[in-house]
Every structure is written in structure tokens, then in C-alpha cells.
Participant: 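Below is a structure I'd like to ask you about.
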Amino acid sequence: MSSFHDFNKSIEIDEFLWDAEIEASKAYAKALFKAGILDKKEFNSIKKALKKIKVNKNPNSFEDVHMAVLNLLIQKTGNSGKKLHTGRSRNEQVATDERIWLKEKIFEISKEIKELQRVIVKIAEKNFGVIIPGYTHLRQAQPVLFSHYIMSLFWKMQRGEERLLEALKRVDELPLGCGAFAGSSIPIDRNLLKKELRFSKISENSIDSVSDRNFILEVLFALSLILLDLSRYAEDFIIFSSEEFSFIYFEDFEKFGSSMMPHKANPDIFELIRAKAGKIFGYLTSLYIVLKGTPISYNKDMQEDKIPLKEGVDTAFNTIRAFKEMLEKLKINKEEIRRKMGYLVYSTDIVDYLIEKGMNFEDAYATVKKLCEFSKRENIPFDCITLKKYKEFSSLFEKDVYLIFSPESSVRKKKTYGSTHPAWVKFQIDKAKEVLKNTKNKL
Ligand code: ARG
């Protein structure tokens, strides 16, 4: 076999479309039967033979999954099989198979996201009341409920899944019946194909349909955002579980040590999650570049969509699952969190205190900035500064200033919808549970 044969073929990578190819071929045979190309006997023999064509039949000598299935069918059925490709093109087959496969995968991933969201809610409820220093610029900023922090991932995943299901609308459009690109001279009933293959609609334009791969890009984009978010939380968990923080711990770290340093318990899985996000951005980018500039309609360049599609989707699924499984093992170290909460996280609460006593924001901010400078310079935490000293900064300070300095009173000061006030966080968790219940009803 020439090197061109090897260069041209895609069978090693498009084998994942095998089941979809069989399903689409079965539906197409039915349409040919209806069109009078196949008689009942021929249709039945094709149907029977398609059931038996297995992927492990070593189809390696064929160019692609479509040639493999067709040729194995002809070997089994002879003349009947030779009619199956009447009015059909691999250009429409590949686009159809990819959509069939992708629809299934989107449902699987969507279920996995829901599972992850369930774990998030469980953790938020179990650890309700734990308060961590929240971060901006990776510097301690303000106290927040840990549940509030972890619930932020719930809503990101909710939008991630919504985007994915939005993309599904574009995936769920059937190309079969479009021929090579101009349509078919055989009266193929495309509505019959739509029903057989459980698509929501048939494509409106045969040229559009065989030339489109944006449906893959759209799914990869939706998935890339999900992985982008997971990679950021993975990074948080790596930091929060380091010796320097010790806020959280995952028992599974013990499984990933160092071959040289006996004491190590590493966050390998989160590091890999971080890297997998990079990988999916690569698949997305590579497909953009493959498609860019290819003339309308089908071009062989498009065969190179298989790795981004298969690997991108599988990577996303495995990453979401690994993240979920790690999250199930999360343990919180309340004492360490309490110990590491620096007193400066209350500076905004002091500003609010002065505003409550009648000072305007700008003056309150400037006053507390000076207070912070003094406290850092003299190394005296807020709760150890005397009232006399406080009064040097502003006469508005009273004894009740000392009530500010606890994580609990800080979070309770928040009033806005969606804030870290325990009542709002509880409200948020209830709402999330409602969201999960509603999706369950829909599935
Ligand atoms: N293996 C090809 C692909 O993946 C199928 C379509 C080939 N069509 C053609 N006319 N050569 O895109």
C-alpha cells in the first residue's frame, strides 16, 4: 500500500463513529426502500447484516469508517449491499455521524455536570458556617462563608451546562439526504431519516449542511469555558491545600507522592485538570485553523476535525468527572482557617462602621487607611488598639468598634442579594437545589 493511502486514511481516528455510521446506514437503507431502490428482501438483508458488522473486524485496510462499514456490508450481503451507497456521499455521512455521536456525548457531559453540582451543594450544606478569608489579587480581602465560595462554582457550572445545551440545538440538525453537497436525485425522504435518527430538524440547505463544522467549534467552546473554570478552582485547591495555607485537604493526595521524596502528597489530579484546560483550548484553536479559508463546501481538510472532536469531548468529560471525584473527598481544616484569618480583613467593616456613625465614604476610607498604616507599623491588631487611640483617628469611634472584629459579625453585615450573609447563602443553596430538582424532572 502506498504512503498516500496511509496519509489519506482516517480509520484509526474515526473508528469512534462506528456505531453512528451503522445507525445512519440503517436509516438510509430504510429511506432507499421507501424510494424503491431496495426491495423488501434487500432491505432486510442489509438491516440484518449491519447488526453484525463489528468494529473489531480489523477494518484497517479501509480509508475511513464509512468505507469500512460499506465494504464489510458488501462482503456479507453481496448485491444488496452494493445498492446502499445509491445517491449517498461520505460528505453527508461524516457530518451526520459526528452529530449523532456528539448529541449522545452532550447528554453524558450534561449529566456529569449535574452530578458535580450536586456534590457542590452537599459540600456547601455540610460546611455551612465555616468562614474563610476571601481573596482578591490572592491577598486576604474580606471574610466570606466557605459555602458562598464553593457555591460560586455551582453557578459557573450552571452557565457552562446552559451553553452546552444551547450548542446542542445547532448539533441537532440532520445533514443526511444532502448528497455530496447538491442534494440527491434519489427521492430520499429526509423526514423519515430525521425520525429514524431522532433529530429535531433537517438542515435547510445541502451546501450549508455538508460544509458546516461550526457545531463542533461551538461545543468545544462551551466545553473549554467549563474547563477554564475548573482549572481556576483546581488552582485554588492546590494553593489552599499547600502547607502554607492548609485550609483544605484531599485524602487522595496520599496516592500521589514523589518517587524520591517520601513525605510528598501531591495535588496531581488538580494539576492535570489545570493542564487539560490548556489542551482543550488547543483542540479548539486547531479546528479554527483547519477550517479557516477552506472553500465552500466539503474539503478533505475537514477530515482533520476528528482529533479535536473526539479528544476534546473525551477530555472534557474525564476532567469534569475527575474534578467531581476529588471534590467528594474535600476536608476542611477549620482551626487553620481561623488561625490564618488576618485582622486586616475587617478594614472595610470599619469603613462601614464610620459611615453608619455619619461620616462620608471618602473621609471614612482615608481614616481607616491611616488606621491600617498605624496598625501595621506598630504591629498592633485592630482588636488590641485602645479606644483612646481609636479616638485619635476619629471621635466617632465608640466601645462598640470591638464588635466588628469577628468573621461572623463581618459576614452578617452584608445585606445585598447574592452576598455572603448566611441568610442569603442559605437562600442561594435552596435556589440551587430547586435548579437541580427541575433538571431532574426534565430528564
Ligand atoms: N473521511 C472523510 C472525513 O472525515 C469522509 C468524507 C470524505 N469525502 C470525500 N469526498 N473524500 O471527512
Side-chain angles (χ1 to χ4, degrees), residues 1-28 50 53 55 57-74 81-82 84-105 170-171 173-186 188 193 197 203 205-220 283-284 286-314:
M1 210 105 25
S2 75
S3 65
F4 284 148
H5 174 81
D6 287 341
F7 192 68
N8 194 34
K9 71 181 187 183
S10 58
I11 189 74
E12 288 95 352
I13 175 64
D14 65 18
E15 226 177 70
F16 71 98
L17 297 173
W18 194 272
D19 290 345
E21 175 67 19
I22 301 269
E23 210 190 325
S25 293
K26 224 183 289 169
Y28 195 76
L50 279 172
I53 296 174
V55 73
K57 267 270 180 186
N58 190 21
N60 271 346
S61 53
F62 301 110
E63 185 185 318
D64 57 23
V65 64
H66 322 291
M67 295 306 247
V69 169
L70 182 63
N71 281 289
L72 293 172
L73 177 78
I74 293 172
K82 284 185 185 168
L84 182 64
H85 208 54
T86 314
R88 190 178 70 160
S89 161
R90 282 182 292 156
N91 300 354
E92 56 178 336
Q93 283 172 266
V94 64
T96 300
D97 293 355
E98 288 179 333
R99 286 169 188 267
I100 293 173
W101 182 84
L102 201 43
K103 275 174 62 178
E104 187 70 33
K105 290 287 163 185
R170 256 82 65 192
V171 177
E173 194 178 300
L174 179 72
L176 205 58
C178 285
F181 80 108
S184 178
S185 46
I186 308 295
I188 295 294
L193 292 174
L197 295 171
S203 58
N205 180 308
S206 58
I207 299 176
D208 171 37
S209 201
V210 299
S211 60
D212 181 61
R213 291 294 181 275
N214 287 9
F215 70 94
I216 302 179
L217 286 174
E218 206 178 340
V219 170
L220 287 180
Y283 293 132
L284 178 60
S286 78
L287 187 54
Y288 274 125
I289 296 166
V290 162
L291 293 173
K292 177 196 156 302
T294 53
I296 302 297
S297 56
Y298 178 83
N299 306 271
K300 195 65 180 243
D301 312 46
M302 288 152 88
Q303 178 163 285
E304 295 296 322
D305 65 353
K306 304 295 174 307
I307 288 183
L309 171 62
K310 170 79 164 67
E311 297 297 313
V313 168
D314 286 354

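Read the numbers this way: they start at 1 and go in the same order the structure lists the ligands and their atoms. FYI, side chains are in, hydrogens and waters are out, and symmetry mates aren't considered; it's all heavy atoms of this structure.
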Participant: Does Gln303 reach ligand 1 with a nitrogen or oxygen that is under 3.5 Å from one of the ligand's nitrogen or oxygen atoms?
Facilitator: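 For ligand 1, there is an N or O atom that lies under 3.5 Å from one belonging to Gln303.
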Participant: Any side-chain heavy-atom pair from Pro308 and Leu220 closer than 4.5 angstrom?
Facilitator: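 Result yes, sub-4.5 Å side-chain heavy-atom pair found.
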Participant: Are Asp212 and Arg99 close enough for a salt bridge, meaning some N to O gap below 4.0 Å?
Facilitator: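 Arg99 and Asp212: salt-bridged.
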Participant: Ignoring hydrogens, what is the shortest heavy-atom contact between Gly87 and Glu92? Give both atom names and the distance.
Facilitator: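 Nearest heavy atoms, Gly87 then Glu92: O-OE2, 3.8 Å.
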Participant: Do me a favour and list the nearest non-hydrogen protein atom to atom 7 (C) of ligand 1 with residue, atom name and distance?
Facilitator: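 Atom 7 (C) of ligand 1 sits closest to the protein heavy atom Tyr298 OH, 3.4 Å.
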Participant: For the backbone of Leu217 and the side chain of Asn214, can you confirm whether one donor and one acceptor N or O come within less than 3.5 Å of each other?
Facilitator: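 Side chain of Asn214 to backbone of Leu217: no pair is present.
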Participant: Considering the heavy atoms of Ser10, write down every atom of ligand 1 situated less than 4.0 Å from one of them.
Facilitator: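 What qualifies from ligand 1 is 1 (N).
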Participant: Please report whether ligand 1 has a polar contact with Asn91, defined as an N or O pair separated by less than 3.5 Å (distance criterion only).
Facilitator: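 Yes, there is a polar N/O contact under 3.5 Å.
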Participant: Given that the side chain starts at C-beta and the backbone is N, CA, C, O, which of these parts of Glu63 lies under 4.0 Å from ligand 1, counting heavy atoms, or is it both or neither?
Facilitator: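 Neither part.
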Participant: Measure the distance from atom 11 (N) of ligand 1 to every protein heavy atom, then report the residue, atom name and distance (to 0.1 Å) of the closest one.
Facilitator: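 Here the closest protein heavy atom is Arg90 NH2, 3.4 Å.
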Participant: Testing the basics here: between Ser203 and Ser209, what is the closest heavy-atom pair and its distance to 0.1 Å?
Facilitator: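 Heavy atoms of Ser203 and Ser209 come nearest at OG-OG, 2.9 Å.
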Participant: Look at atom 4 (O) of ligand 1 and find which of Met302, Lys306, Glu98 reaches it with the closest heavy atom.
Facilitator: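 Considering heavy atoms of Met302, Lys306, Glu98, the nearest to atom 4 (O) of ligand 1 sits in Lys306.
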Participant: Could you tell me whether some N/O pair between Asp64 and ligand 1 is separated by less than 3.5 angstrom?
Facilitator: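 Min N/O separation from ligand 1 is below 3.5 Å for Asp64.
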Participant: Can you check whether Lys300 reaches Asn8 side chain to side chain, under 4.5 Å on heavy atoms?
Facilitator: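 The answer is yes, as the side chains (C-beta and beyond) meet within the 4.5 Å cut-off.
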